[in-house]
Q: 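For reference, the structure I am asking about is given below.
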There are 2 protein chains.
Amino acid sequence: MPATLRDVARLAGVSPSTVSRALSLPDMVNVDTRARVAVAVERLSYEPNRAARGLITGRTGNVGLVVPDVANPFFASVVKGVQARARQDDVAVFVADTDEEPAVEARLFRALAKQVDGLILCSPRSSAEDLSAIAAETNVVLINRGVRGLTGIIFDDEDAMRQAMAHLAALGHRRIAWVSGPEASWSSQHRTAGLRAAATARGVELIEVGSFAPTYEGGVAAADQAVATEATAVVAYNDLIAIGLLSRLHARGISVPDDLSVLGVDDVEMSRMAIPALSTIRMPQQRAGQIAVETLLGLITMPEAMPPLRRSNALTGELIVRNSTGPAPSPKG
Amino acid sequence: MPATLRDVARLAGVSPSTVSRALSLPDMVNVDTRARVAVAVERLSYEPNRAARGLITGRTGNVGLVVPDVANPFFASVVKGVQARARQDDVAVFVADTDEEPAVEARLFRALAKQVDGLILCSPRSSAEDLSAIAAETNVVLINRGVRGLTGIIFDDEDAMRQAMAHLAALGHRRIAWVSGPEASWSSQHRTAGLRAAATARGVELIEVGSFAPTYEGGVAAADQAVATEATAVVAYNDLIAIGLLSRLHARGISVPDDLSVLGVDDVEMSRMAIPALSTIRMPQQRAGQIAVETLLGLITMPEAMPPLRRSNALTGELIVRNSTGPAPSPKG
DNA sequence: CCTCAGTCTGCAATCCGTTGCAACTCACTG
DNA sequence: CAGTGAGTTGCAACGGATTGCAGACTGAGG
């Protein structure tokens with residue numbers, strides 16, 4: 001039903017090859033011919049069939065995006081960023097959700113790999129080997145994950161923690177609790193390291209509290225332990241945990257920020273909706289998605305010209321001060 | 001690089017057509033032949049090239065999903081549902097985000113239509129004409145939107161409002177405020193109608209408060225007007241608005257639910273994280289996504305056998321009582 | 001007038017599966 | 001022993017676009 005290349009050719013009175021060239025290599029064809037073709041294309045509202053083109057060029061014009069959970073606001077933002085940037089270049093994006101099950105991932109990666117020119121992976125859990133294996137099959141850009149030899153977009157977790165510490169120290173906090181995320185998580189490791197370094201640098205006492213699920217429930221669970229440290233401020237691995245903390249603290253009648261300051265990381269949508277509105281370090285998630293697309297597109301067109309992961313161009317966060325952090329309470333007595 | 005049908009044929013010592021049939025019409029080929037093919041397929045880890053297949057069958061094995069905003073938790077859940085169900089049938093899904101700009105939609109729809117067997121559209125804003133136009137080009141299933149002649153998955157908004165009213169009436173509320181969503185929104189219209197009917201049925205006084213953006217900010221903006229109605233309970237068009245209400249009420253020192261009850265609709269992730277945890281009517285978003293896929297797949301394979309929208313199989317909501325609703329305060333004096 | 005380079009265009013092969021049709025085998029019937 | 005039919009398999013065309021190669025045409029130069 002939709003017009004084909006031949007239809008256009010017939011209408012324009014030229015051969016199919018000419019039409020093809022008029023569209024993809026415009027300056028290989030005569031100006032008038034090109035104009036005639038353009039008219040025909042317009043009249044038939046012709047659009048090349050991507051499958052047919054892909055068959056011969058080997059390019060699909062699609063990319064895949066895999067995230068652990070689209071309902072997690074952090075990843076939702078990444079999706080949005082990828083989305084928006086991809087549209088600019090007319091590439092469509094397959095989105096897949098692994099439901100946080102690493103087992104699903106491998107199968108999923110394979111299935112997707114066939115249908116795309118490249119993959120953007122947010123895969124905090126998968127092993128470096130698995131990731132490398134996929135990268136052998138198709139172009140891959142990682143987000144928030146560093147794997148030797150692979151290209152990745154990362155956030156500057158160390159710097160974020162430095163900012164966190166600077167903010168809290170300035171408020172007079174000298175004893176700070178850290179609620180870490182999953183041990184296997186790349187960024188949790190980096191945040192922990194960054195925070196330790198920053199604490200040492202400022203002579204602040206850092207008490208690390210277990211390792212918790214990066215969720216609201218994780219935060220609820222962590223709250224009592226955080227309180228027990230007798231710290232005057234707590235920084236959470238991410239906003240979801242921080243919001244869980246807020247909830248439990250409220251239930252226990254502990255006032256934030258008067259009794260205890262809470263600082264999150266990420267700045268997901270809902271952070272500003274929390275009560276009190278959550279202070280946090282904003283990580284540019286949409287921008288990460290956008291850059292991931294650009295990098296991937298580069299990787300696709302110029303295979304070997306792309307630099308692997310470089311720490312130096314990690315995306316830096318930005319301190320967002322809202323109402324969950326305040327001056328350290330003066331020591332009683 | 002990856003193995004083709006011919007490679008398999010050669011290895012199995014049969015013709016390509018036989019391999020093709022062995023895979024797609026297994027009982028048309030002899031058992032031993034089939035076995036030989038299976039071995040070859042296995043050894044080469046062959047996977048049919050979808051583009052090539054699509055070229056001749058006219059099917060791509062892909063579906064498209066368009067939502068106004070993936071970062072909105074309501075739509076994120078829908079995406080998740082679609083996602084999960086689609087994977088079961090090995091169909092990949094293109095996800096596109098219109099950024100709430102109806103202008104983008106038309107272009108986007110067209111672009112996607114070429115590459116998929118069908119489209120699932122969450123498009124509260126687009127006009128019925130635009131939607132019908134797309135439906136003429138490809139298979140379409142609407143979510144949360146009824147358009148004459150098109151297939152759609154809808155929520156039973158009237159019933160949801162009946163449940164809302166039953167809950168609040170049981171708590172003794174006799175004067176209730178309704179914060180509606182965008183006027184153009186299909187579901188806002190239905191919820192308004194449903195609530196009116198339920199209020200009348202129970203002899204409850206319903207005060208309608210303007211029309212607000214279906215966002216946190218919308219809720220913040222609506223709060224003072226809701227308070228001014230002197231209602232003892234307010235039901236919000238959706239949870240996001242309800243959470244905005246909560247925030248502003250907290251700021252004004254109005255206690256929820258002691259002074260005022262707040263009830264949302266949807267039950268998005270973050271509702272249980274609100275303080276106080278939000279009572280709401282849960283709308284089965286993931287299930288809607290899942291059913292949308294099933295319906296679409298049906299539409300694709302059996303073009304004319306699908307019934308259009310039927311009010312009777314709308315998805316019903318479920319009352320989730322948390323802490324934002326309580327007994328009506330006894331009249332002072 | 002012929003040659004040669006330079007432009008532009010067309011032919012035909014190709015990408016990889018699918019499928020209508022024909023052919024062939026084999027067993028069985030009449 | 002010819003004939004019928006079911007069960008298998010192969011041939012070849014096809015879908016829609018791209019591209020190497022060759023041919024046509026133009027104009028300049030000899």
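Chain letters run A, B, ... following the sequence lines, proteins first and then strands; every chain starts at 1. These numbers come from a predicted model, not from an experiment.
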Q: Counting any heavy atom closer than 4.0 Å, what does Thr4(B) reach on the DNA or RNA strands: base, sugar-phosphate only, or nothing?
A: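 Touches sugar-phosphate only.
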Q: Not counting sequence neighbours, list each pair that qualifies as a side-chain hydrogen bond (donor to acceptor under 3.5 Å, both in side chains) and has a residue in residues 44-60 of chain B.
A: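 Checked against side-chain hydrogen bond (donor to acceptor under 3.5 Å, both in side chains) - neighbours excluded - the pairs reaching residues 44-60 of chain B are Thr60(B)-Asp117(B).
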Q: With Asp130(A), which residues qualify under salt bridge (Lys or Arg N to Asp or Glu O under 4.0 Å), at least two apart?
A: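 Partners of Asp130(A) under the salt bridge (Lys or Arg N to Asp or Glu O under 4.0 Å) test: none.
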Q: side-chain hydrogen bond (donor to acceptor under 3.5 Å, both in side chains): which pairs involve residues 75-93 of chain B, sequence neighbours left out?
A: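 Residue pairs with at least one partner in residues 75-93 of chain B: Asp69(A)-Lys80(B), Asp97(A)-Lys80(B), Asp99(A)-Lys80(B), Arg85(B)-Asp89(B), Arg85(B)-Glu294(B).
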Q: What is the first contacted nucleotide of DNA chain C and what is the last, in 5' to 3' order, if contact means an atom lying under 4.0 angstrom from a heavy atom of chain A?
A: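 From 5' to 3', the first and last contacting nucleotides are dC8(C) to dC16(C).
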Q: Show every donor-acceptor pair shorter than 3.5 Å between a side-chain atom in residues 16-29 of chain A and any protein atom, with sequence neighbours excluded, or say none if there are none.
A:
unit_1	atom_1	unit_2	atom_2	d
Ser17(A)	OG	Ser15(A)	OG	3.0
Thr18(A)	OG1	Ser15(A)	OG	3.3
Ser24(A)	OG	Ser20(A)	O	2.8

Q: Which whole-number value in Å describes the distance from Ile56(B) CD1 to dG15(D) P?
A: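 It works out to 8 Å between those atoms.
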Q: Can you name the residues that form a side chain to side chain donor-acceptor pair (under 3.5 Å) with Asn144(B), not counting sequence neighbours?
A: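 Testing Asn144(B) for side chain to side chain donor-acceptor pair (under 3.5 Å), a comparison that skips the adjacent residues, returns none.
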Q: With sequence neighbours excluded, give me every ring pair (Phe, Tyr, Trp, His ring centres under 6.0 Å) pair touching residues 73-95 of chain B.
A: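 Sorted pair list: Phe94(A)-Phe94(B).
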Q: Can you find a side chain N or O atom of Tyr46(A) that sits less than 4.0 Å from OP1 or OP2 on dA17(D)?
A: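 For dA17(D), OP1 or OP2 has a side-chain N or O of Tyr46(A) closer than 4.0 Å.
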Q: When the side chains of residues 1-12 of chain B are checked against the rest of the protein, which donor-acceptor pairs come out under 3.5 Å, sequence neighbours left out?
A:
unit_1	atom_1	unit_2	atom_2	d
Thr4(B)	OG1	Arg6(B)	N	3.2
Thr4(B)	OG1	Asp7(B)	N	3.4
Asp7(B)	OD2	Thr4(B)	N	2.8

Q: Give me the bend of the helix from dC1(C)-dG30(D) to dG30(C)-dC1(D), using the axes of the five pairs at each end, rounded to 10°.
A: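 The angle, to the nearest 10 degrees, is 70°.
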Q: Only pairs at least two apart or in different chains count here, so list each side-chain hydrogen bond (donor to acceptor under 3.5 Å, both in side chains) that has a residue in residues 32-42 of chain A.
A: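 Qualifying pairs: none.
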Q: Looking at Arg50(A) and dA17(D), is any side-chain donor or acceptor paired with a base atom of the opposite kind under 3.5 Å?
A: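 Check fails, no donor-acceptor contact within cut-off.
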Q: For dT9(D), does OP1 or OP2 lie under 4.0 Å from any side-chain N or O of Ser15(B)?
A: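 Checking Ser15(B) against dT9(D): no side-chain N or O falls below 4.0 Å of OP1 or OP2.
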Q: Can you list every ring pair (Phe, Tyr, Trp, His ring centres under 6.0 Å) pair that touches residues 112-139 of chain A, not counting sequence neighbours?
A: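 As it turns out, there is no ring pair (Phe, Tyr, Trp, His ring centres under 6.0 Å) pair with a partner in residues 112-139 of chain A once direct neighbours are skipped.
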Q: Counting any heavy atom closer than 4.0 Å, what does Val19(B) reach on the DNA or RNA strands: base, sugar-phosphate only, or nothing?
A: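 Nothing, no nucleic acid heavy atom in range.
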Q: Please give me every residue in residues 21-38 of chain A whose heavy atoms get under 4.0 Å of an atom in DNA chain C, ordered by residue number.
A: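 Nucleic-acid contacts, sorted: Arg21(A), Met28(A), Val29(A), Asn30(A), Thr33(A).
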